[in-house]
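Worksheet: one structure, shown below.
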Amino acid sequence: MQVKLSNGKIIPIEMHKIKIVQKARLAPIGERLTAIEGAGYNTFLLRTRDVFLDMLTDSGTNAMSDNQLAAMMVADDAYAGGESYYKLLDSVREVLGFEFCLPTHQGRAAEHLLAKVFVKPGDQIPMNYHFTTTKAHFELCGGTVHEIFCDGALETTSTNQFKGNIDLNKLKALIEKYGPKKISFVRMECTTNLIGGQPFAMGNLREVSAMARKNGIPVVIDTSLVSENAYFIKRREKGYENKSIGEIIKEMMSYADLTYMSGRKSTCVRGGLIATNDKTFFNRVREWLPVYEGFLTYGGMSSKEVEAMAVGMREMCEYEVASSSADLIQYFVDQMVEAGLPAVTPAGGLAGHLDAMKFLPHIPQSQYPAGCLAAAVYLVSGARPMERGTVSMDRDKNGNDVFSDIELARLAVPRRVYTMAHMEYVVDRLKWLMAHRDLVAGLKFVEEPPVLRFFFGRLAPLGDWGSKLAAAFKADFGDAC
Ligand code: F0G
């Protein structure tokens, strides 16, 4: 939530008390250099003992509530028919308005099942923007992903409040070109991750849904970040100021035929699910659920997480919860902008993002500017970002790099984990890095898996820039930090 201080300044304020804490350690710069070198300049390969602020992701790293933890204690560990599932089903019915629910062990497992059931070779899947695992699953089944985002969605400095909107003309053109039968479904992703956590508007979703349904095409919403998207609709879209987060989520879902989610984000648990009102869809997915995930009543999740998800699903409808990380991100982004850093604007819903091509304009895309920036940020701050640029794109069939539309270094803000002081510290180190950015050079792959290479790929710096950057940092700050 935000509060206005008596001097007019608006700050994010925690609407929770911190009852359990995890000790953090800021490894000195020398150790951080050794760590990033050992990780092949890939922040995924760092160990958390070397990380001060883990801003790699907001997935599975959120603080759970006391009620969620309490619910875990009463979990029913049955293989089949477990009561925990029925509590989750009640929450899904109440919050999402869907009758049927299939739990999965996480979001990509839901994508896997959807791809298996709905995507045939030659199928087309229009969406506002891809997510890495989504694209991988749909393409592995022979589908083609079409990103039909609105004008300006890829402009990193913007005042467009809804960069996650779909361009309806592009959707119409795709339907005309391929015919509705070739389109598996239209996918709308809440708080669109890879373009900087940018929401779509309710008005846009309504129109997308009307067009798809008129043509007999199902609408699928990726609800991984649904509470943040609902929060942005409330804050930014006319007519929704007085609606509750719960009402907004319900309306969003009314435009979908099926939804799936990674529960690791908005619901703060390690799990996922698919939900629908369509019995045929439900049955088709259910056939495969025990093959890949587990029996219907746990779907690969631990029953403790199923219980916690039932609670988290309701809690994400609270204004204080839906706004908890979005408002801290807003503060973080405002601070970055004030410091002259090229942050993605408007502030999004899962992270503060830096435009690496603006931060490191001397590094061409062939040398992975977002990867360089992510590694450099870790080096100078101990905060661990994630590369969301060309490293996160796999090569094409001819072995050429596919340059990402935008090159982002993402500093995720897990829910209820970090504070304003953490954000101010990171911004300070980013400012220092900006002043020394000429020291940073490119990266090249030395080990490169063919699929989702960003997870395990190893890179090497072109020139010894890591050491040079560390030496300059040490000269200014000494050994200790
Ligand atoms: N959809 C979206 C929009 C996501 O952001 C993610 C995961 C998934 C699907 C896959 O879910 O991880 O539970 O299997 N995003 C994480 C991230 C990994 O760091 O942004 P998952």
Side-chain angles (χ1 to χ4, degrees), residues 22-57 59-61 351-352 354 356 359-360 362-363 367-392 407-412 414 417-418 421-423 425-449 452-481:
Q22 180 181 353
K23 200 168 162 181
R25 174 176 176 263
L26 176 54
I29 180 73
E31 279 185 37
R32 300 202 296 266
L33 178 62
T34 309
I36 197 70
E37 283 174 342
Y41 282 74
N42 178 353
T43 56
F44 272 98
L45 300 180
L46 289 165
R47 287 182 61 162
T48 53
R49 65 175 184 195
D50 299 317
V51 171
F52 173 43
L53 305 174
D54 195 359
M55 302 177 83
L56 185 76
T57 179
S59 169
T61 54
L354 286 163
F359 204 112
L360 301 172
H362 53 288
I363 301 181
Q367 295 176 13
Y368 313 123
C372 302
L373 185 55
V377 169
Y378 165 71
L379 204 48
V380 304
S381 68
R384 163 160 79 160
M386 187 190 288
E387 195 273 1
R388 296 278 74 162
T390 296
V391 174
S392 297
E407 297 280 345
L408 303 178
R410 180 182 90 173
L411 286 146
V417 173
Y418 297 126
H422 289 129
M423 299 302 125
Y425 163 79
V426 175
V427 173
D428 178 77
R429 293 306 190 252
L430 291 173
K431 255 162 72 177
W432 184 91
L433 182 61
M434 187 73 165
H436 296 79
R437 60 180 167 173
D438 291 345
L439 291 173
V440 181
L443 289 170
K444 64 166 192 257
F445 269 101
V446 289
E447 258 179 64
E448 192 180 340
L452 299 178
R453 63 179 180 175
F454 61 92
F455 283 127
F456 300 113
R458 301 181 75 81
L459 300 104
L462 300 169
D464 193 15
W465 63 259
S467 307
K468 288 184 192 129
L469 190 63
F473 184 89
K474 207 163 156 177
D476 283 358
F477 296 100
D479 236 346
C481 54

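- When all heavy atoms of Leu360 and Cys372 are compared, the pair lying nearest together is CD1-CB, 4.0 Å.
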| What do the steps show when you test Thr61 against Val417 for side-chain contact (heavy atoms from CB on, under 4.5 Å), and what is the final call? | CA-CA 8 Å; Thr61 54; Val417 173; 5.9 Å; no
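- Shortest non-hydrogen contact noted between Arg49 and Arg25 is O-NH1, 3.7 Å.
- When every heavy atom of Leu33 is checked against every heavy atom of Ala470, the shortest pair comes out as CD2-CB, 4.0 Å.
- The shortest non-hydrogen separation linking Asp476 to Trp432 is OD2-NE1, 2.7 Å.
- No more than 12 heavy atoms of other residues, nucleotides or ligands lie within 6.0 Å of CZ in Phe456, so this atom counts as exposed by the packing criterion.
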Report, one line per pair, each donor and acceptor closer than 3.5 Å where one atom sits in a side chain of residues 373-389; sequence neighbours left out.
unit_1	atom_1	unit_2	atom_2	d
Tyr378	OH	Asp50	O	2.6
Ser381	OG	Val377	O	2.6
Ser381	OG	Ala383	N	2.9
Arg384	NE	Asp54	OD1	2.9
Arg384	NH1	Thr43	O	2.9
Arg384	NH1	Leu46	O	3.4
Arg384	NH2	Asp54	OD1	3.3
Arg384	NH2	Asp54	OD2	3.0
Glu387	OE1	Gly389	N	2.9
Glu387	OE1	Ser392	N	3.1
Glu387	OE1	Ser392	OG	2.7
Glu387	OE2	Gly389	N	3.1
Glu387	OE2	Thr390	N	3.2
Glu387	OE2	Val391	N	3.0
Arg388	NH2	Ser392	OG	3.3

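- With hydrogens and angles disregarded, no donor-acceptor distance shorter than 3.5 Å links the side chain of Arg453 to the backbone of Arg458.
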| side-chain contact (heavy atoms from CB on, under 4.5 Å) evaluation trace for Phe473 with Lys468 | CA-CA 9 Å; Phe473 184 89; Lys468 288 184 192 129; over 6 Å; no
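- Shown here for Leu56 and Arg410, the closest heavy-atom pair between the two residues is O-NH2, 3.0 Å.
- The distance from the CH2 atom of Trp465 to the NE2 atom of His436 is 14.5 Å, given to the nearest 0.5 Å.
- Rounding to the nearest 0.5 Å places CG of Asn42 at 10.5 Å from CD of Glu447.
- The CZ atom of Phe359 sits 4.0 Å away from the CG atom of Leu433 when rounded to the nearest 0.5 Å.
- Summarising the geometry, atom CZ belonging to Phe445 is positioned 4.5 Å from atom CG belonging to Leu459; distances are rounded to the nearest 0.5 Å.
- The side-chain heavy atoms of Leu45 and Phe455, taken from C-beta on, include no pair separated by under 4.5 Å.
- For the atom pair Leu411 CG and Thr57 OG1, the distance stands at 12.0 Å (nearest 0.5 Å).
- The aromatic rings of Phe454 and Phe44 sit tilted relative to each other, their planes meeting at an angle between 30° and 60°.
- Shown here for Phe52 and Leu26, the closest heavy-atom pair between the two residues is CB-CD1, 3.7 Å.
- With rounding to the nearest 0.5 angstrom, the OH atom of Tyr418 is 5.0 Å from the CG atom of Leu53.
- Using a 4.5 Å heavy-atom threshold, the side chains of Met55 and Met423 count as touching.
- For the pair Lys474 and Pro28, the minimum side-chain heavy-atom distance is 4.5 Å or more.
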